[in-house]
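Letters go in sequence order (proteins before strands), and every chain restarts at 1. Being a predicted model, the structure only gives us computed values, none of them experimental. Just so it is clear, the values below take in all heavy atoms, side chains as well, and ignore hydrogens, waters and symmetry mates.
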Amino acid sequence: MPELPEVETTRAGLAPHLEGRRVRSVLLRRPDLRWPIPPEVSERLPGQRIVAVRRRAKYLLFDTEAGSALLHLGMSGSLRVLPAKTPVREHDHVDLALDSGRVLRFNDPRRFGCLLWQEPGETHELLRDLGPEPLSEAFDGEHLFERSRGRSAPVKTFLMDQKIVVGVGNIYAAEALFAAGISPLRAAGKVSRERYAALAGEAKRILAHAIARGGTTLRDFIAPDGAPGYFEQELSAYGRGGKPCPRCGRPLKQAMVGQRASVWCGHCQR
DNA sequence: GAATGAACCTGGCGGC
DNA sequence: TGCCGCCAGGTTCATT
């Protein structure tokens with residue numbers, strides 16, 4: 001289930017194989033992903049040279065002079081660069097054949113991912129209202145404090161709102177709140193400036209560390225080179241409901257917060 | 001504007 | 001062993 005570190009790991013793994021390469025052809029085996037793949041992808045991408053592989057939030061952008069392919073991995077998507085004759089597996093929905101003789105293959109069992117098109121010089125509407133990147137200077141405690149005033153929703157829901165900050169999903173929200181000692185149930189508008197400073201700092205630290213470790217391997221995530229991520233071994237809260245808190249040893253609580261499974265320590269997180 | 005909940009899809013897992 | 005039903009996940013959209 002790709003979150004920002006997984007998407008960044010994917011981007012970094014793909015870039016050396018794609019940048020400077022020309023797209024020979026596009027094969028759509030199954031165009032009905034989350035949204036239908038628009039005709040521009042198969043009409044305008046062939047023949048184009050990929051000049052950059054970028055990431056914005058959890059979206060990957062493959063830039064060409066004719067426009068950019070915009071890809072979201074959804075919850076189960078993965079991308080691999082493979083020899084052109086590699087046998088197709090179930091759920092291999094899209095192939096981009098490259099002039100290197102290899103193919104960029106998109107596999108997505110649950111089809112929550114998408115492949116869209118962005119015109120040159122434009123910003124796709126899905127990217128327009130996104131919050132700052134969590135590892136940028138624009139994201140800090142002051143940003144969280146200002147945007148949270150008057151909001152009664154749980155701070156975990158607030159932190160996962162992509163308009164507030166991008167790329168923080170269920171796993172890293174749980175981990176950042178644990179590290180900062182903030183209960184996920186606390187109303188976002190009731191968290192102090194000082195505690196938001198701690199939360200922003202922990203979110204940055206955890207995300208940067210997860211990227212360095214190759215993301216989190218949970219069921220579906222595999223990096224483009226086929227290697228699993230190693231961050232899962234270091235999770236303190238996520239997926240550990242009922243197990244001892246790494247700090248105080250008391251059992252971690254588990255409940256739904258904003259429709260999402262949440263784990264926290266009732267003693268260490270207030 | 002904010003909060004809430006449904007919907008999308010399917011593999012994995014627990015219970016029977 | 002096989003079947004059934006629930007759960008998980010990110011994001012959008014509709015409703016309140």
Enquirer: What protein N or O atoms touch nucleotides 3-6 of chain C N or O atoms at under 3.5 angstrom, if any, and at what distances?
Expert:
none

Enquirer: Are Arg186(A) and Phe158(A) in a cation-pi contact, defined as NZ or CZ under 6.0 Å from the six-membered ring centre and within 45° of the axis?
Expert: no
Enquirer: Is Asp108(A) salt-bridged to Arg110(A), cutoff N-O under 4.0 Å?
Expert: no
Enquirer: Rounding to an integer number of Å, can you tell me how far Lys156(A) NZ sits from dT4(B) C1'?
Expert: 15 Å
Enquirer: Would you kindly give the CG-to-P distance between Asp129(A) and dC13(C), to the nearest whole Å?
Expert: 11 Å
Enquirer: Choosing from dA8(C), dT4(B), dT11(C), which nucleotide comes nearest the side chain of Pro154(A)?
Expert: dT4(B)
Enquirer: Between the protein and nucleotides 6-10 of chain B, list the N/O to N/O atom pairs that are separated by less than 3.5 angstrom.
Expert:
residue: dA6(B); atom: N7; partner: Gln259(A); partner atom: NE2; Å: 3.4
residue: dC9(B); atom: O4'; partner: Arg110(A); partner atom: O; Å: 3.4
residue: dC9(B); atom: O3'; partner: Arg111(A); partner atom: NH2; Å: 3.3
residue: dT10(B); atom: OP1; partner: Arg111(A); partner atom: NE; Å: 3.4
residue: dT10(B); atom: OP1; partner: Arg111(A); partner atom: NH2; Å: 2.8

Enquirer: Tell me, with the steps shown, if Arg193(A) and Glu142(A) meet salt bridge (charged side-chain N to carboxylate O under 4.0 Å, His left out).
Expert: CA-CA 7 Å; Arg193(A) 182 178 264 120; Glu142(A) 194 60 29; 2.9 Å; yes
Enquirer: Check the side chains of Ser78(A) and Asn107(A) for a donor-acceptor pair under 3.5 angstrom, ignoring hydrogens and angles.
Expert: no
Enquirer: Going by an N to O cut-off under 4.0 Å, is there a salt bridge joining Asp161(A) and Arg151(A)?
Expert: yes
Enquirer: Just verifying a value: how many Å separate His72(A) NE2 and Leu115(A) CG, rounded to the nearest 0.5 Å?
Expert: 12.5 Å
Enquirer: Give Ser152(A) one of three labels, base, sugar-phosphate or nothing, depending on what nucleic acid heavy atoms sit under 4.0 Å from its own.
Expert: sugar-phosphate
Enquirer: State plainly whether the residues Lys58(A) and Glu6(A) are in salt-bridge range, i.e. N to O under 4.0 Å.
Expert: no
Enquirer: Round to the nearest Å and state the distance from Met256(A) atom CE to dG5(B) atom C1'.
Expert: 11 Å
Enquirer: Please report, rounded to the nearest Å, how far the C1' atom of dA8(C) is from the CD atom of Gln254(A).
Expert: 11 Å
Enquirer: Pairing donors with acceptors under 3.5 angstrom, does anything connect the side chains of Arg29(A) and His93(A)?
Expert: no
Enquirer: Which part of the nucleic acid, if any, lies within reach of Phe158(A) when heavy atoms closer than 4.0 Å are counted: base, sugar-phosphate only, or nothing?
Expert: nothing
Enquirer: Looking at every heavy atom in both Leu135(A) and Lys204(A), which two are closest together, and how far apart are they?
Expert: CD2-O, 3.5 Å
Enquirer: Tell me the interatomic distance from Asp161(A), atom CG, to dT4(B), atom C1', rounded to whole angstroms.
Expert: 13 Å
